Amino acid sequence: MKKLLLLSSLFTSIVYAHECRYTLNIDLDINKGLLEGRAIISTDHPTISLLDTKANISEIKGASLSVEKNIPTLVKQNQNEDVEISFTHKFDLVNSDVVLLESWYPRIDMMCKYETVVSNPEIRAIVEATTTKSKDGVTTFIFDYPLDRVNLIASKDYKVNSVNTKNGLKLATYFYSDNASLRDKYFKKSKEYFELYKELFGFLPYNNFSIVETQFPAGYSMPTYTLIGKQIIDKEYVLDSSLGHEIAHQWFGNYVYAPYKGNWVEGITTYYADYLYAKKAKKEVEYRKDMLIKYDSYVNAHNEIAPIDFEHKTQNSKNAIGYEKSAFFFYMLEQKIGEKAFDEGTKTLLQEYAFKTATYDNLKEIYEKSSNQKLDNIFKNLIYEKGALDFSISNTSLMFVEDKYVLEFDIVSNNKAEFIPISICSNKECLTTKIDLSSKKQRFELDIEPTKIVLDENYELFRRLHPLETPPVISKIIEGNALVVVDRADEEKFSKFKKIFKNFKYADEVKYEELKSNNIFILGAKNSLLNQISIPFEMQGDAKIELFKNPLNGAYVAAVFEMEKLSRSIFYRLRHLGKYSKVIFEGEKIVEKSTKESQKGIVYNINGDSYAIKPAAKNLNDVVDEIAKNRVVYIGEKHTEFSSHLNQLKIIKAMYKQNPKLAIGMEMFQHQFQKHLDDFIAGKISEKEMIAKTEYFKRWKYDYELYRPIILFAKAKRIPIVALNIDREITRKVVNGGFDSLSKEQLEVIPGSINFENSKYREQLKGIFGMHESKSFKNFDEFYHAQLLWDESMAKNMAEFMNKNPAYSMAVLAGNGHVMHGHGIPDRAKRRGVSDYIIVLNYTNPEPGVADYLLYPSAVTTKKAKKLGIYFEENENLEVKKLVDDSPAQKAKIEAKDRVVAIDGAKVESIFDVKTELAFAKDSLNVTLMRDSKKIEVTLDLSE
């Protein structure tokens, strides 16, 4: 980056209109840390404003000092005389070096041609200079063009080497002894970069350039030299990229200047350096996506600025604007006006603003002239305003008209771009075009059968990324705003993180909503939270960080960090590894680093295809023994179809025949009632008591007759029935108030680990949301979290039984949605050690990978549940609201306002009690009513 120094907050403009020469005579005493200097300023301007300085001014000749509008000002005594200022400056050495970058001499508000004279024969000094002269321990640095400041670096330890290039450029290295051998590499790469830029821009800005090693982490560029930190100077990425970036600054920032605010040079330098190198390596698409990932990682509504407000490199959020967004702007500008016009504009900029300050407005005027186009919109959207393109697609429809497919959809954007690239793909090919974002309605007539729409897959627009496009990367948590979670046992080990991160929580006190709405930074490989939200972190090396999608909310990430011995240097290095998802260290050395895969472009799937099955269908009886040989068989069902349950019974009987140690896991019963199922199988309670005590009709809305043959077979063969489901009261509390609303006792019941990672399952559930009890949920997230809680609970209860009873097999009965593709119960039971299984589904579309067996049963029915023909006021109030015409209740002369109190002598208090009695009723039953405070007995004929 180009070194930019802070100006006074009171006075930030530079006066350029007057000729100025500035001579600095400097004596350096390194032992005392003292600089003694004399400044001679020659200018035709009658007044000179002083900027903030740390120099101690002892004497002023040729001018008087006054304060005008709170700005210290030198008023010349004679228009033709020079102003002389004597000053001193105390400085601290950086190790043994002199580094003077900030306000070390009396800096003024004018651009001047500088001559800096340094007296100290013991040191090697570097100052901005187009000409350098040395004699008798005195070195004179002359810069022949207007400059707003000079900097000074000096060391006793530099080994200086130089070489001349065929272009007449003198290259020099100022390296410490232990790195002096790197000079040839730096000469070679520097020659390549200068040749590249001379070819691009047509000239070299200066005839000399030096690479200067420093004791502090640096990557600064000044006119005629660059500073590179000792810590990184031997790194390949510095030679391959950073050095070229600093050399490009010789044209942008050190030849053409940028204003303090609205600094465009970092953007154009990134474009002509880092992005250009990626383009030459044919990785330009990946680089553009990386720029968007940085923007997505660091920039939000609270910290965003427009590029016109960018000043200089400070924090990551601003850098993502001044570097990434600005560089993306120059890419999009070139795409809009064409390479020829863009190159012509850049050359005009360098010609017309040599040693002058150019603003974004100046750039706009130059590129409009070179392209003969108005560029108001692109400058407005990308430079003068905050934000990035955001859009959404809705109302997608697919038709087949005559011999073509017709695809229609609506697209709405925030008007940050004029068009968007789009690909419409079949299974074999893609058609690519651009669509006008000013039009909401889009229509395409196609000769292909579309299966998906992909938008901006090559990242041609500066836009917000979809969560599926963003890999979980370190940059998401490195800003210090993540929620840090640590076990109490590890608190001391990771205590230093408290100084870095404000949001610090113990694993046993962190709330579900906090986890859901934050990036999470989990400290410790054995942190209890890892198991709770099922993050598969495995420790490797001496230190490791790995990022995952936040399983509770894919818009955020979960990072896990562990190391044997906490190292500040390793944590510091993480700040420079923001693009990676996983980094492993051995000692201080990185042995592995990688970025996880993410989606390319924004993808909308179109379901217009049909599924074809080639193998010949077989009767279930022909394959049931093959199915039964597996230890666990998940048998999905369509709840209301008795044929599904008859198939389940056939498989259960075949499994029992092969292994009498069989259990039946059932979604239909909730785990807190397991004792009553056990008592029923053992003969301790009747079937009717079992139904009442398990609250079957209150907890499961489907007809008991559908499941009765299975339950009676289990009773006859003493087959354990395992209640798989979780208490619905817990589910309701989680839906309404999150996991944080559960009592301590309820928290002990729920699974200790819930896996939210499966994005395909999430999409599958979106497809069935609205069909499966959708009235019980306000939105999809509620439904999704409830579904996962059911799945994990059923997997936990099933796995606990199987792990305790290794000789047993199990038939698991659950809705198709809980087992198809293995996403629901099977994968979660597998995580708990139950991996030997197959999946059988009833009445399901034959999607690839949906199951091992698909059953399409014939329409076999069973007897229907008996009904009274009464509508009650509510489930807990058995007052008759109205009667069904020609029903048993109407025929028995039951009236509205009657209240049912008993059936066949058994007291009933709710509709669930009524259903239990009806399940075991004969062809007639006696109903006891209360009518106007009188008890009435009536007999109902149920034979019809």
Side-chain angles (χ1 to χ4, degrees), residues 610-659 662-669 696 700-717 719 721-722 724-725 764 767-768 771-773 790 794 798 809-826 837-866 919:
S610 300
Y611 297 105
I613 303 175
K614 185 177 180 181
K618 295 183 178 180
N619 292 324
L620 174 58
N621 291 335
D622 294 333
V623 296
V624 70
D625 290 336
E626 181 181 314
I627 293 172
K629 69 183 180 182
N630 295 276
R631 186 180 182 220
V632 175
V633 182
Y634 294 97
I635 317 172
E637 64 180 57
K638 189 174 181 181
H639 296 314
T640 56
E641 294 293 335
F642 177 70
S643 298
S644 291
H645 307 298
L646 184 58
N647 283 341
Q648 289 171 333
L649 179 59
K650 289 179 180 179
I651 295 170
I652 288 168
K653 288 181 175 181
M655 291 180 74
Y656 179 77
K657 182 178 179 182
Q658 292 203 21
N659 180 16
L662 175 67
I664 303 172
M666 297 186 70
E667 176 191 3
M668 305 78 207
F669 295 103
Y696 176 89
W700 191 254
K701 65 181 181 181
Y702 300 105
D703 188 349
Y704 177 66
E705 293 295 336
L706 298 169
Y707 300 95
R708 192 173 193 187
I710 294 171
I711 291 170
L712 293 181
F713 180 76
K715 173 69 166 62
K717 301 298 183 181
I719 298 172
I721 296 176
V722 180
L724 297 182
N725 220 329
Q764 174 188 315
I768 63 174
M771 296 184 293
H772 185 62
E773 299 188 34
W790 294 334
M794 289 190 279
M798 173 258 190
S809 300
M810 181 179 284
V812 178
L813 314 185
N816 284 334
H818 288 290
V819 297
M820 59 197 302
H821 292 287
H823 295 331
I825 305 171
Y837 65 83
I838 64 167
I839 299 171
V840 180
L841 297 179
N842 287 275
Y843 293 107
T844 298
N845 286 334
E847 304 170 27
V850 70
D852 297 286
Y853 293 87
L854 298 178
L855 307 182
Y856 297 94
S858 301
V860 180
T861 60
T862 188
K863 66 177 183 178
K864 294 184 177 181
K866 295 181 171 66

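Note that the structure is a prediction, hence the values are computed from the model and not measured.
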Out of curiosity, [X] [atom1] to [Y] [atom2], how far, rounded to the nearest 0.5 Å?
| X | Y | atom1 | atom2 | result |
| --- | --- | --- | --- | --- |
| Ile711 | Ile719 | CD1 | CD1 | 12.0 Å |
| Glu667 | His639 | CD | NE2 | 5.0 Å |
| Leu706 | His645 | CG | NE2 | 4.5 Å |
| Ile635 | Ile710 | CD1 | CD1 | 7.5 Å |
| His818 | Ile839 | NE2 | CD1 | 13.5 Å |
| Met655 | Ile627 | CE | CD1 | 10.0 Å |

Problem set entry | Worked verdict on Gln648 versus Met666 for side-chain contact (heavy atoms from CB on, under 4.5 Å) | CA-CA 11 Å; Gln648 289 171 333; Met666 297 186 70; over 6 Å; no
For this session: Under the side-chain contact (heavy atoms from CB on, under 4.5 Å) rule, what do Glu847 and His821 come out as? Steps first, then yes or no, please.
Result: CA-CA 9 Å; Glu847 304 170 27; His821 292 287; 3.1 Å; yes
Seminar exercise, completed: By side-chain hydrogen bond (donor to acceptor under 3.5 Å, both in side chains), Asn725 pairs with (sequence neighbours left out) none
For this session: Find out whether Asn842 and Pro857 are in side-chain contact, i.e. whether some heavy atom of one side chain is under 4.5 Å from a heavy atom of the other.
Result: yes
Any idea which heavy atoms bring [X] and [Y] closest together, and the distance?
| X | Y | result |
| --- | --- | --- |
| Leu854 | Ala851 | CD2-CB, 3.9 Å |
| Asp703 | Glu705 | OD1-N, 2.9 Å |
| Asn621 | Lys650 | OD1-CD, 4.2 Å |
| Leu841 | Gly636 | CD2-CA, 4.0 Å |
| Ser643 | Tyr843 | CB-OH, 3.4 Å |
| Lys629 | Gln658 | CA-OE1, 3.3 Å |

For this session: Indicate the ring-plane relationship of Tyr634 and Tyr837, choosing parallel, tilted or perpendicular according to the 30° and 60° boundaries.
Result: perpendicular
Problem set entry | Any side-chain donor near an acceptor of the partner, Glu637 and Tyr707, under 3.5 Å | yes
Exercise. Leu813 and side-chain contact (heavy atoms from CB on, under 4.5 Å): which partner among Ile651, Leu724, Ile652?
Worked result: Ile652
